[in-house]
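Here the structure is laid out as structure tokens; the discussion comes afterwards.
Computation of the quantities below employed the complete heavy-atom set of this structure, encompassing side-chain atoms and omitting hydrogens, waters and symmetry-equivalent molecules. Below, chain A is the first sequence line, B the second, and so on; all start at residue 1.
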Number of protein chains: 2
Amino acid sequence: MTTGADGRGLAGFAALLADPTRAGFCLALLDGRAWTAGELARAAGVAASTASDHLTRLVAGGLLVEERQGRHRYVRLADPGVAQLVEDLAARAPAPATPPRTLRAASAGAALAYARTCYDHLAGRLGVLLYDALLDRGVLDRSGGLALTGNGVTWLAGLGVPVEPLRATRRPLVRDCLDWTERRPHLAGAVGAALCGRFLDLGWTTRGTGRAVRLTPSGRDALAEALALDPALLAPPASRDSGPARA
Amino acid sequence: MTTGADGRGLAGFAALLADPTRAGFCLALLDGRAWTAGELARAAGVAASTASDHLTRLVAGGLLVEERQGRHRYVRLADPGVAQLVEDLAARAPAPATPPRTLRAASAGAALAYARTCYDHLAGRLGVLLYDALLDRGVLDRSGGLALTGNGVTWLAGLGVPVEPLRATRRPLVRDCLDWTERRPHLAGAVGAALCGRFLDLGWTTRGTGRAVRLTPSGRDALAEALALDPALLAPPASRDSGPARA
DNA sequence: GGCACCGTTCGGCGCGGCCCGAACCGTGCC
DNA sequence: GGCACGGTTCGGGCCGCGCCGAACGGTGCC
């Protein structure tokens, strides 16, 4: 018998993520969108009954929240904190050593490496570029912990992103999030999420398949100007894989 | 079959914490010290052989590192990131609903609620008080993410804590860490750890049983002066449970 | 109303885990 | 050298969990 808290609570919670199917669900839901139970079941390759059981447990455990609409059961991650937790755990987990087998997969991998959402903010090479540019431009400062500068508040306002409403949330304004392709931080937190959403609203970016994000031509120029960068720097690696190939 | 990464890596990693015994090990190791295999086995109430097996897996999974000394096997958490991960998970896990049964347990609980280490920094009521005072005094600033101010750098230097060496580490200088008794943040990160260690060096605090921390009388006065606070604010709730009772 | 579809519930099966005790090895102490 | 002690290895038992298929209920469409 131990004096303080034993590990049952923690173990029970961790067990929710200790199953490949449930973990796969959470990774899929990292795109920030709501999925139906059937979609998740198909994506994971399990029977609908199995998926239903797993979802019930994930919801009961507080990792997911559900929303019933007609005959559909939509689920999504409960809050950004859960997304961060899943990302943190996934970052420490060893990669299953599964190099891309097919051309399609390789192309999809390249698209994801270039730009993708990480829950609700921007990740990949573009995300890291943005992060670095924001530091250079004095929007962010990391002389003592990552922080948004007063300069940054006005810069955001110029983009149509008022900061005040973001302060009301419990979520930290800005936060480092380690990029698993670049191995360097990109911007998370309330500001990271707001920027990602604003880019979509402005048409600077569009959603690709899965978590992939595409930068539109006009978006590239506009973003380059806002960051005082050369537009060529923001271009994707190869020009072919930015559009849907054929299927 | 899914296109991107499946959940096996994440699940395997989470499984390390999905066992009550292993989870208990990690919680015990949150005190930041190295424990022997036998100590952990006794604390968890399992056979030595069982503990040995668990430790091997935790080390292989990168959560723990071990150090052999003679016939002892010392283990500790691999790095502060692991400690943060365990804390984050534990904070989300539901409490096992086990109210303190005995007077001893209640007293120990009160001591922990007052002041304890959270891996390597200060937590509990005292930790939260310190955090608030540092904000008031302008050592910390959270107008845009938590950050250490220039003012704070000199304040730390006055305490004999040079900041420059801390910048060399990959660890963030300052970080919020949610306190599970106070439900409010206290100070983590490299500065949080350095402060906690400095207080011990100065004799302002001493280690109690387990993760408990005691504030010495002289420490109370010195800390109150450094923070420009009333010393009475820093006093523990009741005077009796600060020392070893009798047994 | 009839049908297709999404999701849930219920048994039952099989695997993998967690745990222990016993035997063994190495270290340190007397 | 002998003994005590910490830790590890091995074999075996047991329980829980994840999976499925089949049957059922509810919803929406025609």
Side-chain angles (χ1 to χ4, degrees), chain A residues 1-2 6-29 33-61 63-76 96, chain B residues 1-2 6-29 33-61 63-76 96:
Chain A
M1 180 190 314
T2 160
D6 62 294
R8 279 176 298 172
L10 171 55
F13 186 75
L16 291 174
L17 291 168
D19 173 77
T21 302
R22 285 195 297 268
F25 285 2
C26 292
L27 289 178
L29 290 165
R33 287 182 280 194
W35 292 48
T36 68
E39 285 169 344
L40 286 171
R42 277 188 298 276
V46 295
S49 58
T50 304
S52 174
D53 209 7
H54 284 314
L55 290 181
T56 301
R57 295 174 61 174
L58 288 170
V59 169
L63 281 173
L64 268 44
V65 289
E66 68 182 21
E67 204 169 329
R68 309 262 176 167
Q69 269 184 30
R71 57 183 172 182
H72 292 282
R73 178 196 206 179
Y74 285 94
V75 292
R76 53 186 167 79
Chain B
M1 182 189 311
T2 159
D6 61 296
R8 280 176 297 171
L10 171 55
F13 186 75
L16 291 174
L17 290 168
D19 173 78
T21 303
R22 284 195 297 268
F25 285 2
C26 292
L27 289 177
L29 290 166
R33 287 183 282 196
W35 293 48
T36 68
E39 285 169 344
L40 287 171
R42 278 188 298 276
V46 296
S49 57
T50 304
S52 174
D53 207 8
H54 284 314
L55 290 181
T56 301
R57 295 174 60 173
L58 288 170
V59 169
L63 281 173
L64 268 44
V65 289
E66 68 182 21
E67 204 169 328
R68 310 264 176 164
Q69 269 182 30
R71 56 182 172 183
H72 292 281
R73 178 196 206 179
Y74 285 96
V75 292
R76 54 186 165 80

Counting C-beta onward and ignoring hydrogens, is there a side-chain heavy-atom pair between His54(B) and Leu64(B) closer than 4.5 Å? no
Apply side chain to side chain contact (heavy atoms under 4.5 Å, CB included) to residues Arg73(A) and Thr56(A) and explain how you reach the verdict. CA-CA 11 Å; Arg73(A) 178 196 206 179; Thr56(A) 301; 3.4 Å; yes
What pair of heavy atoms forms the shortest contact from Ala41(A) to Ala48(A), and how long is it? CB-CA, 4.2 Å
One would report the end-axis bend of the helix from dG1(C)-dC30(D) to dC30(C)-dG1(D), five pairs per end and rounded to 10 degrees, as 30°
Side chain to side chain contact (heavy atoms under 4.5 Å, CB included), that's the test. Do Leu27(A) and Leu10(B) meet it? Break it down for me. CA-CA 9 Å; Leu27(A) 289 178; Leu10(B) 171 55; 3.9 Å; yes
Rounded distance in Å - CG (Leu17(B)) to C1' (dG17(C)): 16 Å
Please confirm whether any donor atom in the side chain of Ser49(A) sits under 3.5 Å from an acceptor in the base of dG21(D), or the reverse. yes
Atom of Trp35(A), atom of Ala43(A) and distance for their closest heavy-atom approach: CZ3-CB, 4.3 Å
Distance, nearest 0.5 Å, that separates CZ of Arg33(A) from OH of Tyr74(A): 12.0 Å
Round to a whole Å and report the spacing from CG of Asp19(B) to P of dC17(D). 12 Å
Among the candidates dC19(D), dC18(C), dC20(D), find the nucleotide nearest to the side-chain atoms of Arg22(B). dC18(C)
Residues within residues 51-60 of chain B bordering DNA chain C, heavy-atom distance below 4.0 Å: His54(B), Arg57(B)
Run Phe13(A) and Leu63(A) through side chain to side chain contact (heavy atoms under 4.5 Å, CB included) and show every step you take. CA-CA 9 Å; Phe13(A) 186 75; Leu63(A) 281 173; 3.8 Å; yes
Checking side chain to side chain contact (heavy atoms under 4.5 Å, CB included) for the pair Leu55(B)/Leu40(B): CA distance, chi angles, key distance, verdict? CA-CA 9 Å; Leu55(B) 290 181; Leu40(B) 287 171; 4.0 Å; yes
By a strict heavy-atom criterion of less than 4.0 Å, which residues belonging to residues 66-74 of chain A are in contact with DNA chain D? Gly70(A), Arg71(A)
If you measure from CZ on Arg71(B) to OG1 on Thr36(B), what distance do you get to the nearest 0.5 Å? 11.5 Å
Value for CD (Glu66(A)) from CZ (Arg76(A)), rounded to nearest 0.5 Å, stands at 11.0 Å
So Ala48(B), base contact, sugar-phosphate only, or nothing? Heavy-atom distance under 4.0 Å. base
Do you know which two heavy atoms are closest between Leu17(A) and Ala23(A), and how far apart they sit? O-CB, 3.7 Å
